[in-house]
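Heads up, the thing below is written out as structure tokens.
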Amino acid sequence: MGEFKVFTIKKNINEDNKKVADETREYLKSHNTYLINVMSSPGSGKTSTLVATIEALKNEMNIGVIEADVDSDVDAEAVENAGARAVQMHTGGLCHLDATMTRAGIDQLEVEDLDLVFLENIGNLICPVGYDTGAMKNIAVLSVPEGDDKPLKYPKIFGKVDVLIVSKIDVMEHFDFEMERLKERVLKLNKDIKIIPISSKTGEGVEAWLNWIKEQVKGRS
Amino acid sequence: MHELGIVFEVIKVVDGFVKENKLTKVDKIVLEIGELSQAIPRFIEECYPAAVDETDYKETKLEIISLPANGECNICQEVYNIISNRKVCPKCDGQDFKLISGQEFNIKEIVAY
Ligand SMILES: Nc1nc2c(ncn2[C@@H]2O[C@H](COP(=O)(O)OP(=O)(O)O)[C@@H](O)[C@H]2O)c(=O)[nH]1
Ligand SMILES: [Mg+2]
């Protein structure tokens, strides 16, 4: 039996996550692959937005998707049918992805030939926000039925993301939802955010979103 | 659960340290968790056994040191707990403070050989 000694580590777990995330970004850059982290509540329209995006852009670029939101592979199947390569992560009840788990997804997907990869994060407006996944850009999806007061309740996510997609605008007339009120609340938290209202059902607004994506992918190298 | 992912990360970092320093057995892991960090000590303790089960750390003990959410008053320099004082300085009633602790999530040390 050896003698136990105390080893001081003083390691900040978040810093370690940041390190893995930075390594992921370097790795992706070396393969010219652009990663976008997509966050929202469950059911707000992440998969539908991705399906519309893939269908529109698949002839221009190779797209991959890391699905982490649900444990079954329905979402992975949907984006594959739309024309992307997909992997399904089994997150077994976790509420966020960190950089290490994201990296596992990236390695499983094999991104070498991909121009653009989406990470469909776990449906949750709180936990994923605290973790750098290694993505180049972070976006959130907020659907009209969730209400225009969400930024008041979950300020952190709106303060952090680069783009906010306001989804399901085709059902706006049935809800007490005011786009101007939402924009005002969001801009107060984040003056640099880009807000893009869309409907994956009617296609309204999707063009503006596609343009943003194309700009990012074009400027990646 | 949120904390489970965090415990996996802790184990990964400890495992890296163990391999790097060619240690053979870890008796205890000591964490420092701030009151304002993303993790709740009780939940960390609850999911820890499940996270280390079937790993080399099955018998490793876990100790958690909780760090208070302390702020220093920018007006009178008093240091006070911002949670129990609801952000208001108990000495001068000021609400302008600088956070000095509470957001930590550190692996402080391990006891090993
Ligand atoms: N009316 C309408 N429904 C939508 C729209 N986008 C998604 N949905 C519906 O919302 C539900 C959840 O969408 P999904 O994309 O799976 O959300 P996720 O859980 O965030 O991936 C599905 O029933 C979709 O058909 C939209 O633009 N308009
Ligand atoms: Mg989905």
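Lettering follows sequence order; numbering is per chain, from 1.
- Gln77(B) CD: more than 12 foreign heavy atoms inside a 6.0 Å radius.
- The distance from the CD1 atom of Ile110(B) to the CZ atom of Phe4(A) is 10.5 Å, given to the nearest 0.5 Å.
- Of the atoms belonging to Leu31(B), not a single heavy atom falls under 4.5 Å from chain A.
- When heavy atoms are compared at a cutoff of 4.5 Å, Asn12(A) approaches chain B by way of both its backbone and its side chain.
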* What's the verdict on side chain to side chain contact (heavy atoms under 4.5 Å, CB included) for Ile6(B) and Tyr131(A), showing C-alpha distance, side-chain angles and the deciding distance? -> CA-CA 11 Å; Ile6(B) 297 174; Tyr131(A) 290 84; 3.4 Å; yes
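- For Val10(B), the parts lying under 4.5 angstrom from a heavy atom of chain A are both the backbone and the side chain.
- Within a 6.0 Å sphere centred on CD of Glu54(B), other residues, nucleotides and ligands contribute 12 heavy atoms or fewer.
- At a heavy-atom separation below 4.5 angstrom, chain A is approached by Phe105(B), Asn106(B), Ile107(B), Lys108(B) within residues 100-108 of chain B.
- Distance check: Cys95(A) SG to Glu3(B) CD gives 7.5 Å after rounding to the nearest 0.5 Å.
- Among residues 11-20 of chain B, the residues having any heavy atom closer than 4.5 Å to a heavy atom of chain A are, in sequence order, Lys12(B), Val13(B), Phe17(B).
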Could you go step by step and tell me if Leu23(B) and Phe7(A) meet the side chain to side chain contact (heavy atoms under 4.5 Å, CB included) rule? CA-CA 10 Å; Leu23(B) 303 174; Phe7(A) 295 85; 3.4 Å; yes
- Does the pair Lys10(A) and Glu109(B) meet the rule for a side chain to side chain contact (heavy atoms under 4.5 Å, CB included), with working shown? CA-CA 6 Å; Lys10(A) 263 292 178 194; Glu109(B) 59 197 26; over 6 Å; no
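- For Val163(A), the side-chain contact (heavy atoms from CB on, under 4.5 Å) partners are Ile139(A), Ile165(A), Lys194(A), Ile196(A), Trp209(A), Trp212(A), not counting sequence neighbours.
- For the atom pair CZ (Phe8(B)) and OG1 (Thr100(A)), the distance works out to 12.0 Å, reported to the nearest 0.5 Å.
- Residue pairs meeting the ring pair (Phe, Tyr, Trp, His ring centres under 6.0 Å) criterion with at least one member in residues 73-102 of chain B: none, sequence neighbours excluded.
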